[in-house]
Amino acid sequence: MPVSSQLLRPVGGAFITFTFIVALVINLLPWQAEVANFTPDFVALFIVYWTLNQPRRVGVGVAFMLGVLMDVGDGNVLGQHAFAYAVIAYLTLSRQRLLNVFPFWQQALVTLGMLWLSQALMVIIRLLLGASFVGWGYFAGSVLAAIIWTPLSNLLLMYQRKPKSEAL
Amino acid sequence: MQATQPAFFRQGPKPLTRLLIFSVISLAMIVGDAHFKMLDRVREKVSVVLYPLQWLATEPFEIARTTTQFFSRQAELLAENRRLNDAQLVAQAQAMKMKALEAENLRLRQLDERQASFGSPSQLVEILYNGRDPFTARLIVDRGERAGIAPGQAVIDTVGVVGQIIRIQPLTSEVRMITDRDQMVPVMVERNQLRTVIYGMGRNQPLEVRNMAPNVDIKEGDRLVTSGIDGIYPAGLAVARVLRIDRSASSAFARIVCAPLADVDQHRFLLVLNTARVLPPYPVTPTPTPDKKKRGR
């Protein structure tokens, strides 16, 4: 999160797990074929978010696991998402202390780059395995992800900003 | 820098190390999965873990769909029912038409065969309508003088004799059916060649053989065929079948009731036989008695 004077509650592991479950469910929704390209990869989005905000909890390993789940769920080549997610998790992690103090809109741009990178990695893997190029519309969802980055961050931080008395 | 970190910041292996480990694993998985199909069991295991999430993702849509279906089902079913009903009506009508056409075709084929079996020329005619007079059994057919129809010609269908042409117009002609009252057809019993005459008794009435002794050799079920001695009907055309014989002692004659064999009321196509045989001149002064057509009713 950007620099602020507000003190935040610690994040529970359960909450992180919950958000990832939600992200997986959203990714596994039976999207219509026409809108499927425009739905952002929520799992990747949450990986970037949590590695940015909770680098000690979410890292390359978690990203890898989630990637394996996504591969099985999507019926892709096993390891495709895992590899891409691991790479973006590492990149986020390596610049985490810098990115963490960026304002939201800059974080959104970084996220856009990350998601594009993950998609590009997956496309490269598929191309190497002999698939044909899926078209540029494949990358449209990441733009949407960057657009919702700010509201999403505020939404997730709302949980942390709550007074402790109310939460219990 | 990381080497000097306090214990609180220690995070295990460096992220780059982890990345290398995991990317090697994932690349190995990619190669193993794509090229060697080695990881199907792993995939199965993971899919078991993933199944609840998939269920969670798809089930709300299923529920929503079944719910909306539940509510729209009634109207849909009604509409569908109506549509199917209409379709069935149309199909039935078509099937009926089809059946009628088939039957008609069959009859035409039979008539065609019949026509070929006669040496003399004959003409196919179509019934236009029944004569409107309820006391007589007449048919109006669609061929007349122009087509070479002449009064007196015999009219048959696929089974037997239907009647005789009695009146012609340029384009149509009138057929007097054998059931017409007092229409006479010279016949013989097929079984024993007994010659007699059969009379009509009116529309929708049976036929009758008159003036036969009570002990005449005619049995129920005998077929009566034309005898051919009148010079109008060729010999051997089926006419009627004996229905019942009433040999009461109170009457001088047996009452022999017959049913016409030809489907006189049932079809649309008839065959007009052109049997203008050249007959030898009548030996004595002709009397009008053997004239086939009785004008009165």
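For the numbers below, each heavy atom of this structure counts, side chains included, while hydrogens, waters and symmetry mates do not. Convention: sequence-line order gives letters A, B, ...; per-chain numbering from 1.
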So, taking the atom named [atom1] in [X] and the one named [atom2] in [Y], what distance separates them when rounded to the nearest 0.5 Å?
X: A:Phe83; Y: B:Ile30; atom1: CZ; atom2: CD1; value: 6.5 Å
X: A:Leu93; Y: B:Leu16; atom1: CG; atom2: CG; value: 10.5 Å
X: A:Phe64; Y: B:Leu19; atom1: CZ; atom2: CG; value: 11.5 Å

Legend entry - Residue pair B:Met29, A:Val68: steps toward the side-chain contact (heavy atoms from CB on, under 4.5 Å) verdict: CA-CA 10 Å; B:Met29 277 163 67; A:Val68 172; 3.8 Å; yes
Legend entry - B:Ile21 portion near chain A, given a 4.5 angstrom heavy-atom threshold: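 Nothing of B:Ile21, per the 4.5 Å heavy-atom cut-off to chain A.
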Legend entry - Structural part of B:Phe61 lying under 4.5 Å from a heavy atom of chain A: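 Contact with chain A: side chain only.
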Inset, instruction - Counting only heavy atoms closer than 4.5 Å, note whether A:Leu129 contacts chain B via side chain, backbone, both or neither. - result: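 A:Leu129 touches chain B through side-chain heavy atoms alone.
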Inset, instruction - Could you tell me which portion of A:Ile125 (side chain, backbone, both or neither) has an atom closer than 4.5 angstrom to a non-hydrogen atom of chain B? - result: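 For A:Ile125, the side chain is the part near chain B, not the backbone.
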Legend entry - Shortest non-hydrogen contact from B:Leu56 toward A:Val25: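 Minimum heavy-atom contact is CD2-CG2, 3.7 Å.
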Inset, instruction - Measure across A:Ala82 and B:Ser26 and return the closest heavy-atom pair with its distance rounded to 0.1 Å. - result: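 Of all heavy-atom pairs spanning A:Ala82 and B:Ser26, the closest is CB-CB, 4.0 Å.
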Legend entry - Whether over 12 other heavy atoms sit under 6.0 Å from B:Gln74 CD: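 Count not over threshold, so no.
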Legend entry - Enclosure of B:Phe70 CZ (heavy-atom neighbours >12, cutoff 6.0 Å):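 Not buried by this count: 12 neighbours or fewer within 6.0 Å.
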Inset, instruction - Would you mind telling me which of A:Gly59, A:Gly61, A:Ser94 has the largest number of heavy-atom pairs within less than 4.5 Å of chain B? - result: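 When all of A:Gly59, A:Gly61, A:Ser94 are compared, A:Gly61 has the most.
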Inset, instruction - Among B:Pro60, B:Ala28, B:Gly32, B:Ser23, single out the residue with the greatest number of heavy-atom pairs under 4.5 Å to chain A. - result: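 Highest number of pairs under 4.5 Å: B:Ser23.
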